[in-house]
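Contents: one structure, followed by commentary.
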Amino acid sequence: MTISADHTAPGSAQGSAPGSAPDQAQRRPAENAVTEAVRKFGITVEDYMLPARHQIQMVDPEGRLLAEGEQGTEPGHEYPLPGDDELLAAYEQLVVGRRVNDQNSALVRQGRMAVYPSSHGQEACQVAAALCLSEGDWLFPTYRDAVAVMTRGVDPVQTMTIFRGDWHSGYDPAKHKVGIQCTPLTTQLLHGVGVAHAAKLRGEDTVVLAMCGDGATSEGDFHEALNFAAVFHLPVIFFVQNNKYAISVPLAHQSVAPSLAHKAVGYGMAGERVDGNDVVALLAVLDRAVKLCRAGSGPLLVEANTYRMQAHTNADDATRYRQDSEVAEWLAKDPISRMKAYLTGRGVLDDDGAARIAAKAEAVAAQLREGLGEDVPVNPQDLFRHVFSVPTPQLKEQSALLADELAREASSSKESAK
């Protein structure tokens, strides 16, 4: 039985027995919004909510376009092939993202960045997440989604500011419609839901894409975000990058669900699985998800199956919990080589185009080396300025003590210099 948005069954007016009043149709609650959204597909609500039986994949690891019958699509889960211009733009961002990941790993080893959670191997997810959104939409990334933030248009050096420990964030979230990357697990999903709820109340045409990893699906915030979004029918896409490990905990120790996308049906939203190393399939699935959200179909959950090729961060030793043979298996599924082979085979990418893209990637890497190599002036009083809008007496006292100590040090230095 379909349950209506206010949790009453269709066909029964509140306060009266079914069929007891001639104006029953006028007082009957509206049908569940999801039911309304799937009528055009000609399938059941269950078939709409449950992911397709096979994950959506359009291009195989060798760069060959799969036949339509091999792409995992089925009624209600059908995806048009993205255009060549969109795919070429995505490939450019893939190459830039890979170069940024590797450059940042080097900067950490040089001591110019404090930490960096690399998304090497997950660039297809990063790029597709940013490119599927319109200018007025919002992206809420995790700490591993720096490439997505850059693809959204944020300056590379500003994007990486948080990882060198200079400031909470190097960019203005409101200007770029990108939430601040945050280390606490899953908090960004709640932030994304809040923005989507506010946009709906204002009548704004805004879609929110909130990113998370497989480990985040084990958090309470994940449940709260999805449940709230579903109950209030918000335009949010929950994009789970399933890279198989929550730091060192494998997915099998986190969930025994058929897939993470299957969790969607429990909240009353649609779920889908997609090859997270196939940027063609990712763009197709996410583009359609954005259109469905914008059309009022409510929230969706998309699970992308991918792999983190490098360690969790520079402080992690991945060899302690996974085998080299497993990494090698995923190396053969690399999203960049796959996309290059596909575009080259279609005549969309030639040697000159590849060289131009590689040069752009090197220019971004040089920009990062220069920008992150600069010393940033530090003002110790900033410790107290941004804790409360009105400083407490304790903060004022501590600030005064620090100011006095700094003044005495400065005076002592002057005396020593004489």
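Numbering starts at 1 and runs along the sequence shown. FYI, side chains are in, hydrogens and waters are out, and symmetry mates aren't considered; it's all heavy atoms of this structure.
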Inset, instruction - Could you go through the salt bridge (Lys or Arg N to Asp or Glu O under 4.0 Å) check for Lys360 and Glu92 one step at a time? - result: CA-CA 9 Å; Lys360 178 178 179 180; Glu92 180 174 307; 2.5 Å; yes

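Ring geometry, Tyr245 versus Tyr321: the interplanar angle falls from 30° to 60°, so the pair is classed tilted.
Looking only at side-chain heavy atoms (C-beta outward), Ser119 and Val147 come within less than 4.5 Å of each other. A 4.5 Å side-chain heavy-atom check between Val193 and Phe238 finds at least one atom pair inside the cut-off. Met269 is not listed as a side-chain neighbour of Leu300, based on a closest heavy-atom distance of 4.5 Å or more. Taking the side chain as every heavy atom from C-beta outward, Tyr91 and Val279 never approach each other to under 4.5 Å.
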Could you go through residues 216-225 and list every donor-acceptor pair under 3.5 Å that involves a side-chain atom there, pairing it with any protein atom two or more places apart or in another chain?
from: Thr217; atom 1: OG1; to: Asp214; atom 2: O; distance (Å): 2.6
from: His223; atom 1: ND1; to: Tyr267; atom 2: OH; distance (Å): 3.3

Pair up each side-chain donor or acceptor in residues 283-296 with any protein partner under 3.5 Å, not counting sequence neighbours, and list the distances.
from: Arg288; atom 1: NE; to: Glu78; atom 2: O; distance (Å): 3.4
from: Arg288; atom 1: NH2; to: Gly76; atom 2: O; distance (Å): 3.0
from: Arg294; atom 1: NH1; to: Asp137; atom 2: OD1; distance (Å): 3.1
from: Arg294; atom 1: NH1; to: Asp205; atom 2: O; distance (Å): 3.4
from: Arg294; atom 1: NH2; to: Ser134; atom 2: OG; distance (Å): 3.3
from: Arg294; atom 1: NH2; to: Asp137; atom 2: OD2; distance (Å): 2.7

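Evaluation of the ring-ring contact (aromatic ring centres under 6.0 Å, His included) rule for Phe232 yields His197, Phe228 as partners, not counting sequence neighbours.
Electrostatic pairing of Arg356 and Asp351 does not count as a salt bridge here, judged by no charged N lying under 4.0 Å from a carboxylate O. Taking the charged nitrogens against the carboxylate oxygens, Glu74 and Arg53 do have a contact shorter than 4.0 Å, which makes a salt bridge.
Screening residues 369-378 for salt bridge (Lys or Arg N to Asp or Glu O under 4.0 Å) gives no qualifying pairs among residues at least two apart or on separate chains. Pairs passing the salt bridge (Lys or Arg N to Asp or Glu O under 4.0 Å) check and including a residue from residues 246-275, sequence neighbours excluded, read Asp275-Arg338. Among residues at least two apart or in separate chains, there is no salt bridge (Lys or Arg N to Asp or Glu O under 4.0 Å) pair with a member in residues 143-162.
To the nearest 0.5 angstrom, Arg322 atom CZ is 4.0 Å from Tyr307 atom OH.
Within a 6.0 Å radius of CG in Asp404, more than 12 heavy atoms belonging to other residues, nucleotides or ligands are found. Atom NZ of Lys200 sits in a crowded spot, with more than 12 heavy atoms from other residues, nucleotides or ligands closer than 6.0 Å. For CG of Asp324, the number of neighbouring non-hydrogen atoms (other residues, nucleotides, ligands) closer than 6.0 Å is 12 at most.
Using modelled atom types, one finds a donor on one side chain and an acceptor on the other under 3.5 Å when comparing Asn242 with Glu303. At a cut-off of 3.5 Å, with distance as the only test, no side-chain donor of Gln181 or Thr142 sits close to an acceptor on the other residue. A donor and an acceptor atom, one from each side chain of Gln93 and Glu123, are nowhere located under 3.5 Å apart. Judged purely by distance below 3.5 Å, without hydrogens or angles, the side chains of Thr306 and Asn243 never pair a donor atom with an acceptor atom.
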